[in-house]
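Accompanying notes for the structure given below.
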Amino acid sequence: MPPIYNHKEIEAKWRKRWQEEKIYRPDLDQPGRKFYNLMMFPYPSAEGLHVGNMYAFAHADAYGRFQRLRGYNVFEPIGLDGFGIHSENYAIKIKEHIKDVSVRTEKHFYEQLRTIGNGYDWSRTVETYKPAYYRWTQWLFLKMHERGLAYRKAASVNWCPSCKTVLSDEQVISGACERCGALTDKRQMEQWFWRITAYADRLLKNLDALDWTEEVKTIQRNWIGRSEGTLVKFSIFNPSSSLGTSFQFSNNNKFSLSNAQKLDELEVFTTRPDTLFGCTYLVVSPEHPLLKAGAAAIENLSAVEEYVAVSKRKTEAERTDASKKKTGVRLAGLAAVNPVNGEPLPIFAADYVLAGYGTGAIMAVPAHDERDYAFARQYDLPMRLVVKSASQAAGQADCFTGEGVNIDSGFLDGLNTRAAIKKMNSWLAEKGLGKVEVNYKLRDWCVSRQRYWGPPIPMVNCGQCGWVPVPESQLPILLPAMDDFLPDGSGKGPLNKIAKFVNTVCPVCGGPAARETDVSDPFVDSSWYFLRYLCTDYTDRALDKERLKKWMPVDMYIGGKEHSVLHLLYSRFVTMVMHELGYAPEPEPYRRFRAHGLLIKDGAKISKSKGNIVNPDEYIAEYGADAVRLYLLFLGEMRLGGDWRDDGMNGMHRFVKRVYRLLDQADPSASDRAANDRILSRTIKGVADDLESLKFNTAIAKLMILVNHFEKNGLAVDQLRIFSLLLSPFAPFLAEEIWSQTGTTSSIFQARWPEYDPALIKDDIINLVVQINGKLRATLAVSAEIGETEAKEAALQSERVKKWLADREIVKTIFVPGKLLNIVVK
RNA sequence: GCCGCGGUGGCGGAAUUGGUAGACGCGACGGACUUAAAAUCCGUUGGUGGUAACAUCAUGAGGGUUCGAUUCCCUCCCGCGGCACCA
């Protein structure tokens with residue numbers, strides 16, 4: 001028997017055998033007890049996978065292998081998210097053509113993914129940059145368009161000056177581009193959008209029932225940002241007296257509306273209609289239509305226009321910096337009327353009000369909103385307190401944003417905030433001045449990109465017919481080859497430079513037309529890949545309904561939480577639409593989702609920019625895939641991430657060698673069968689429990705304890721065989737090798753997880769903890785069934801206990817059966 | 001600022017519903033084997049005091065509840081992540 005574990009030889013042998021015997025290729029038409037085990041497919045933004053990718057994949061695969069042993073028919077696919085800015089930026093950086101780079105990275109990524117020993121079904125890979133895939137990504141676009149969910153509009157969109165393309169709101173992380181980290185800006189452009197906001201309520205509501213990492217659900221909830229409020233209509237007048245352009249009010253902050261002429265109506269959105277009595281002015285955003293509609297009446301138009309121009313010139317970051325001084329300009333010549341008390345209200349334009357949320361206009365209540373308060377202080381505007389804190393009568397702050405009781409509020413006086421909101425809403429509704437509305441922070445998904453490396457958007461612009469979808473039969477629209485694929489920042493995609501591509505005929509009228517030259521967001525590619533995995537054998541359709549019915553939803557999805565509001569939100573939206581179209585059997589794609597934490601090294605996330613990259617290939621070559629897997633799984637709880645230390649690998653290498661050596665030690669005559677069976681039963685249960693709750697680290701610790709025990713006490717061959725089953729989710733090659741060397745012929749992954757004997761789990765003799773006043777003073781080996789009286793007797797017999805009790809009076813004793821006895825003394 | 005997750009030996013990390021804090025591993029130290037090294041094996045390893053038995057302190061800080069708190073409550077501090085003028 002070879003004493004040395006030759007990982008290279010053994011891994012190659014099993015990799016080949018698994019491939020030949022197709023043990024990871026379930027028959028998708030005969031799902032049986034199916035288990036769809038999904039992990040986030042990688043995107044090549046470097047030459048190869050880094051150890052952080054391996055971290056996620058090793059966990060997901062160990063879980064999948066466990067389900068396999070549990071008797072599930074596991075489908076575990078993999079692919080490459082190779083289209084997109086991430087891959088393209090890498091090619092640009094190394095000054096090569098993306099087409100060449102993608103050929104190379106595909107080869108390397110797949111080689112690496114094969115070496116780590118995951119149970120992938122290699123017959124069903126998807127690569128998003130191949131026509132066989134992106135043909136259907138384009139089909140998805142057409143379906144969205146057909147349902148009215150893909151549309152084009154001019155809007156203020158995010159622009160990355162470095163990537164030279166627009167981005168969706170989700171791809172701007174704290175004001176910076178998700179891909180390159182450059183600060184983004186806003187540009188007014190016409191773009192393609194997907195109407196994810198139409199699903200905002202469902203995306204929010206369904207979260208409650210999903211078995212997902214709670215943290216990710218919270219992030220999604222906050223991103224969707226539902227808020228219930230009221231739309232209130234204010235009448236706009238042109239007051240007779242000229243008010244000047246100063247912010248000062250004359251005559252005790254009052255001005256007259258006599259002879260005023262009603263000009264318009266202004267609608268605002270508020271979540272606190274109960275504070276309407278405290279409203280002392282209105283504010284519109286600099287983009288608000290009132291500025292144009294009311295221009296004739298605005299007396300200080302040039303000052304207003306100047307303010308708007310200044311606002312426009314500000315960067316997004318400057319405009320939305322909440323800590324900066326608030327600015328604004330009074331719309332002289334215009335005034336509104338507070339519908340509850342008929343008081344005239346001045347109107348301002350200020351860029352602290354966002355154009356894109358609510359109606360782009362607000363009612364300002366400086367006494368009950370911090371932003372209004374700051375603005376009112378800045379411009380010396382009146383404030384009126386109308387809500388009093390219910391708890392503290394005196395000492396109220398100038399600005400109170402909490403809930404309380406209404407005062408000086410006419411018909412709302414004495415009501416608490418909730419009741420006041422209700423009453424105000426019905427009052428406004430009665431008068432036709434307001435209605436309850438729900439607003440979401442979520443905006444529609446901007447999906448067009450002015451880049452090369454993506455699926456061309458299948459739309460054609462005809463002079464006669466306008467925007468027309470490309471007929472399904474003409475798909476795919478192949479991405480044409482081009483040497484200079486770099487984005488130029490013109491606001492049009494590089495494809496725009498290829499006349500042959502652009503010029504086409506209108507599918508409707510046959511006249512000359514121009515193709516859309518933007519490509520779609522890479523997140524569109526990944527929004528449906530898990531559906532395509534199941535249908536790669538269908539070349540005539542994107543998705544097969546029967547197939548999806550058999551396998552969707554995904555049973556377990558493990559991935560990073562950085563995708564909380566990106567991929568995980570987009571793919572839920574797309575699946576909802578696919579469900580409505582009858583493709584997906586359920587509106588939600590992932591039954592369970594668990595986020596893993598980050599892999600850290602030297603106190604920082606492993607990344608190229610930090611210079612702490614760990615190349616997994618070297619470690620796999622030196623120590624073997626199993627040792628690397630075990631090490632990654634042992635680092636800590638998956639949810640919390642791990643801390644990579646180079647020297648930690650030694651320990652796992654040692655463990656692998658020790659496990660292999662058990663083959664030499666297996667000898668029934670030398671072993672205490674009963675003791676081994678007891679610890680085996682416990683380990684079977686413990687490891688299964690840990691795996692189910694994704695605590696891979698403690699599962700491995702239990703295996704180590706078992707190995708320590710075997711080394712000391714010897715073991716029988718059948719016990720070693722059971723041990724190999726327990727080890728197999730973590731170290732598949734090593735486990736398979738031991739399995740085969742203990743007289744089995746079929747793969748360990750066709751075997752079943754071992755049963756344990758419940759009778760062996762229980763202890764007959766326990767260590768009863770004896771405390772005196774809560775401090776541990778002795779432990780007694782007693783029967784597990786011992787009762788309080790006996791336990792007390794036994795404890796009082798103990799010399800150690802006696803010493804501590806001396807002649808102190810026992811006040812009481814606390815007995816926890818099977819665990820502890822606490823004697824309380826004076 | 002708001003929301004979420006964390007803070008435990010030299011290090012990574014364990015601790016069912018509150019019940020022996022530090023499992024398991026790394027590293028370190030001592031020893032065995034070896035001409036030597038690697039590998040392997042054995043032992044020790046939270047701090048302080050003590051030859052030892054043992055005592056005592058200790059889970060970010062400070063309070064509290066409890067017979068008993070890493071675990072529950074309150075007030076803070078620090079790290080990471082999300083949102084951030086969303087009315």
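Predicted, not measured: the structure shown is a model, and the values here were computed from it. A, B, ... follow the sequence lines: proteins, then strands. Residue 1 opens every chain.
When heavy atoms are screened at a 4.0 angstrom cut-off, Ile705(A) is found touching the sugar-phosphate backbone but no base atom. Here Leu820(A) lies in heavy-atom contact (under 4.0 Å) with a base.
Glycosidic torsion of G4(B) falls outside 90° of 0, placing the base in anti.
Residue Asn439(A) places no side-chain N or O under 4.0 Å from the OP1 or OP2 atom of A87(B). A close approach under 4.0 Å does not occur between any side-chain nitrogen or oxygen of Trp644(A) and OP1 or OP2 of G13(B).
Judged by the 6.0 Å distance and 45° axis criteria, Arg572(A) is positioned over the aromatic ring of Trp212(A). Judged by the 6.0 Å and 45° rule, Lys326(A) forms a cation-pi pair with Tyr352(A).
If you look at Phe696(A) and Phe634(A), their ring centroids are not closer than 6.0 Å.
In this structure, the nucleotide among U40(B), A87(B), C3(B) sitting nearest to the side chain of Thr270(A) is A87(B). With C85(B), C5(B), C57(B) as the choices, the nucleotide that has an atom nearest any side-chain atom of Lys775(A) turns out to be C57(B). Nearest to the side chain of Lys803(A), among G12(B), C54(B), U20(B), sits C54(B). When the nucleotides C54(B), C26(B), C24(B) are ranked by their closest atom to the side chain of Phe634(A), C24(B) comes out on top. Comparing C3(B), G13(B), G6(B) by their nearest atom to the side chain of Thr218(A) picks out C3(B). Among the nucleotides G13(B), U40(B), U20(B), the one closest to the side chain of Asp643(A) is G13(B). In this structure, of U20(B), C83(B), G25(B), it is C83(B) that holds the atom nearest to the side chain of Ile173(A). Among the nucleotides A87(B), U20(B), C3(B), the one closest to the side chain of Asn222(A) is C3(B). In the set A84(B), C24(B), U40(B), C24(B) carries the atom at the smallest distance from any side-chain atom of Asn708(A). Comparing U40(B), U20(B), G6(B) against the side chain of Thr779(A) picks out U20(B) as the nearest.
Applying the side chain to side chain contact (heavy atoms under 4.5 Å, CB included) test between Ile362(A) and each of Asp372(A), Asp369(A), Val284(A) identifies Asp372(A) as the sole match.
Residue side chain Glu214(A) does not reach the base of G4(B) through any donor-acceptor N/O pair under 3.5 Å, judged by distance alone. Judged by atom type and distance alone, Lys441(A) does not reach the base of C83(B) through any side-chain donor-acceptor pair under 3.5 Å.
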